Amino acid sequence: MDVVHVVKRPKRGTGAAASFKRHWQLYLLVLPPVLFFVIFKYYPMANAVLAFKDFNVIQGIWGSPWVGFKHFRLFFENPIFWSLLKNTILLSFYLLLAGFPIPILLALMVNEVRNTRFKRFVQLVTFAPYFISTVVMVSIIMLFLAPRLGFANVLLSSLGMDTINFLGEPGMFRSIYVWSDIWQTAGYSAVIYLAALAGIDPTLYEAAKVDGASRFQKILHVDLPGILPTITIILILNVGNVMALGFEKIYLLQNSLNISSSEVIATYVYSVGLLNANYSFATAVGLFNSLINMILLITVNSLAKRISNTSIW
Amino acid sequence: MASAVSVRPKQKIRESASDRIFMFFVYAILSIIIVLVLYPLVYILSSSISSPLAVTSGRVWLWPVDISFKGFATIFKTPQIMTGYANSLFYTAAGTMISVILTIMLAYPLSRKTFYGRSFILIMVTFTMLFSGGLIPTYLVVKELGMIDTRWALLIPNAIWVWQVIIARSFFQATIPNELIEAGELDGCSDWKFLTSVVLPLSKPIIAVLVLMYAVGQWNAYFDALIYLKSDKLYPLQIVLRSIIIQNNSNGVMDPSIQVERAQLAELLKYSLIVVATLPVLIIYPFVQRFFVQGMLVGSVKG
């Protein structure tokens, strides 16, 4: 051991060249993943100039003529623009308002349970739907809400009520989407709050007990303030994703009857871009969406930083 | 936890009436939640092993009625579904391997303090969470690479998830002490040797997390297959499910000689398919749940 202490460290360079020489194996290791990001993330970003061109296959992306903001103008002037924006925002905010508090309430309740087995069982059960794929989730929704044979309608008619074509009603689309989402992800989202609750200083609980606080008061004055930073961060992430609604589930739930409330920006990009091969226009719409999303995330993050000193960067 | 347990007997005596009412509601609400979450799952499982007639006449409420395995028998006789199953197994195995290897190749160097340029690479990687070129530009890149309608399209373009890189990097930073790295360097151990003989054996928990998350993601994925694949023989199970359950295309699935029962069987088949597609994941899940929770928590610690 003594020898190790005596041996002088090899002289370290600090610059790029020295680091490269010493760690060439690490650089070699990092090369394929970096190439991955360049090819599949950054190259497409460069390809997004498509939005400012009239794409044709023969000339390719870079050879096609520039048209400036033509596609953006076409999109903003199209009457569908307002309905897409409205559908996207309404669905997102509904999801945020209903879906954000429920995992917090769930975690607070689970945290009160002292019976370890029951506690574990609740977590096991509520976490499970998270592993169901989107396709299966939508399949389950469709089977339960099917016009004639679905569980909901069998129940309605056995109670002597009229059956409802749930998925054909534009007015029900948002509720179906949001509540099935909560069913699927609330248990998963609660885990992060439970971890935060477990990290609260136990002396605070003892102090609350000495002060004669009831369980409810303890939740209000110890638990909630204790997990507030976590709540803020998750809220920032959720608000930042308001425009990035999951395309997959909406697309699968969509049909010609509910399309007036189920067509959002992401599904529109898919149908215009890939199904109708209108590449430039769809890229412009997608770019608009990405930009709004990025601006939202940055704004919310800096607001949170100013108000509560919590931020994600 | 230990203090909570030791406090319990005292608490029970002192618990006020209002606290007891409060706890009654907590238990009641949680029990209702358990029922709400479990009921659809049990209902589908029960339906899948009931007779076709019982399913279509709405006689299944909780437990199976006239137990029969016709739905499952049909699944195993349908080549389209079996091909999808085999494809999904392949995509899950191959995709998970590629993803985990690439993630570690990126996360490990990023965890090393002496790695010049790591903050640049980290920013470059995390920026892709904020902004993306979008669906069409990405599609065109995949097309340019000749990956459309090949198995590669499901394995490569989404191989690395940034979130997984962040989780793995925080893990390496927290578990591989600097002293160990310095000791390795003094002994003349190369970076590669250090990674394979010191870091990886110490990183089994994080490798488990990565494998599980990528595997579930790959097994459940359908969007990439939807946009990149055209041939039936390459379709993963999720696409087959979509066509049979959501788009109601059961033509060609069943033997025409059983025309009479066909409509009923088509309905039953949907339940059985859901079970077949979901059961593998849900059966393993209770045993590996702690890894998922671990993964989420490692990621939530700011690195």
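Owing to the predicted nature of the structure, the values given are computational and were not obtained by experimental measurement. Lettering of chains follows the sequences in order, A, B, ..., and the numbering in each one begins at 1. Below, each value reflects all heavy atoms present in this structure, side chains not excepted, and no hydrogens, waters or symmetry copies.
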Please state whether the rings of Tyr42(A) and Phe127(B) are parallel, tilted or perpendicular, taking 30° and 60° as the class boundaries.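 It falls in the parallel class, under 30°.
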
Which word best sums up how the rings of Phe151(A) and Trp61(B) line up, parallel for under 30°, tilted for 30 to 60°, or perpendicular for over 60°?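 If you compare the ring of Phe151(A) with that of Trp61(B), the planes turn out perpendicular.
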
Counting heavy-atom pairs under 4.5 Å to chain B, which of [options] comes out on top?
{"options": "Val269(A), Ile140(A), Asn289(A)", "answer": "Ile140(A)"}
{"options": "Phe121(A), Trp24(A), Phe216(A), Phe131(A)", "answer": "Phe131(A)"}
{"options": "Val125(A), Thr283(A), Leu124(A)", "answer": "Leu124(A)"}
{"options": "Lys41(A), Met109(A), Gln184(A)", "answer": "Met109(A)"}
{"options": "Pro129(A), Gly286(A), Gly273(A), Ser214(A)", "answer": "Ser214(A)"}
{"options": "Thr126(A), Leu252(A), Val154(A)", "answer": "Leu252(A)"}

Smallest separation among heavy atoms of [X] and [Y], with atom names:
{"X": "Thr114(B)", "Y": "His23(A)", "value": "OG1-NE2, 3.2 Å"}
{"X": "Ala128(A)", "Y": "Leu282(B)", "value": "O-CD2, 3.7 Å"}
{"X": "Val138(A)", "Y": "Ile246(B)", "value": "CG1-CD1, 3.7 Å"}
{"X": "Ile132(A)", "Y": "Asn220(B)", "value": "C-ND2, 4.0 Å"}
{"X": "Glu112(A)", "Y": "Met23(B)", "value": "O-CE, 3.5 Å"}

Chain A contact via [X] - side chain, backbone, both or neither, heavy atoms under 4.5 Å:
{"X": "Thr278(B)", "value": "side chain"}
{"X": "Leu102(B)", "value": "both"}
{"X": "Ala159(B)", "value": "both"}
{"X": "Met124(B)", "value": "both"}
{"X": "Leu135(B)", "value": "side chain"}
{"X": "Ile44(B)", "value": "side chain"}
{"X": "Leu145(B)", "value": "side chain"}
{"X": "Val281(B)", "value": "side chain"}
{"X": "Met129(B)", "value": "neither"}
{"X": "Leu273(B)", "value": "neither"}
{"X": "Phe223(B)", "value": "both"}
{"X": "Phe115(B)", "value": "both"}
{"X": "Phe194(B)", "value": "neither"}

Side chain, backbone, both or neither: which part of [X] has a heavy atom under 4.5 Å from chain B?
{"X": "Phe247(A)", "value": "side chain"}
{"X": "Ile219(A)", "value": "side chain"}
{"X": "Val110(A)", "value": "both"}
{"X": "Ile141(A)", "value": "neither"}

Let me see the working for Val135(A) and Ile239(B) under side-chain contact (heavy atoms from CB on, under 4.5 Å), right down to the final yes or no. CA-CA 8 Å; Val135(A) 173; Ile239(B) 292 280; over 6 Å; no

Heavy-atom side-chain contact between [X] and [Y] under 4.5 Å:
{"X": "Tyr222(B)", "Y": "Tyr251(A)", "value": "yes"}
{"X": "Lys193(B)", "Y": "Gln25(A)", "value": "no"}
{"X": "Gln238(B)", "Y": "Val136(A)", "value": "yes"}
{"X": "Ile34(B)", "Y": "Phe118(A)", "value": "yes"}
{"X": "Asp191(B)", "Y": "Arg22(A)", "value": "no"}
{"X": "Leu143(A)", "Y": "Ile274(B)", "value": "yes"}
{"X": "Ile33(B)", "Y": "Val122(A)", "value": "no"}
{"X": "Tyr43(A)", "Y": "Thr138(B)", "value": "no"}

Roughly how far, to the nearest 0.5 Å, is CG of Leu130(B) from CD1 of Ile295(A)?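 Rounded to the nearest 0.5 Å, the CD1-CG separation comes to 11.5 Å.
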
Close contacts, residues 44-51 of chain A versus chain B, judged by heavy atoms under 4.5 Å: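 Only Pro44(A), Met45(A), Asn47(A), Ala48(A), Leu50(A) of residues 44-51 of chain A have a heavy atom under 4.5 Å from chain B.
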
Stepwise ring pair (Phe, Tyr, Trp, His ring centres under 6.0 Å) test for Phe144(A) and Tyr43(B): CA-CA 10 Å; Phe144(A) 267 76; Tyr43(B) 176 84; 5.0 Å; yes

Going by atom type alone, with no hydrogens or angles, which donor-acceptor pairs under 3.5 Å involve a side-chain atom of residues 27-40 of chain A and a protein atom two or more places apart or on another chain?
| from | atom 1 | to | atom 2 | distance (Å) |
| --- | --- | --- | --- | --- |
| Tyr27(A) | OH | Ser19(A) | OG | 3.1 |
| Tyr27(A) | OH | Tyr116(B) | N | 3.3 |
| Tyr27(A) | OH | Tyr116(B) | O | 2.7 |

Backbone N or O of Arg215(A) within a donor-acceptor pair of the Asp19(B) side chain at under 3.5 Å?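 Pair found, side chain donor or acceptor close to backbone of Arg215(A).
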
Quick check against the 3.5 Å criterion: does Trp183(A) have a side-chain atom that pairs as donor or acceptor with the backbone of Leu36(B)? yes

Determine whether Tyr130(A) and Tyr285(B) satisfy the following criterion, side-chain contact (heavy atoms from CB on, under 4.5 Å), listing intermediate values before the conclusion. CA-CA 10 Å; Tyr130(A) 176 73; Tyr285(B) 150 71; over 6 Å; no

Please identify, among Tyr108(B), Phe131(B), Trp192(B), the residue contributing the most non-hydrogen atom pairs under 4.5 Å to chain A.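 Answer, by heavy-atom pair count under 4.5 Å with chain A: Phe131(B).
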
Under a 4.5 Å heavy-atom cutoff, which of Ser132(B), Ala277(B), Gly134(B), Pro40(B) has the most pairs with chain A? Pro40(B)

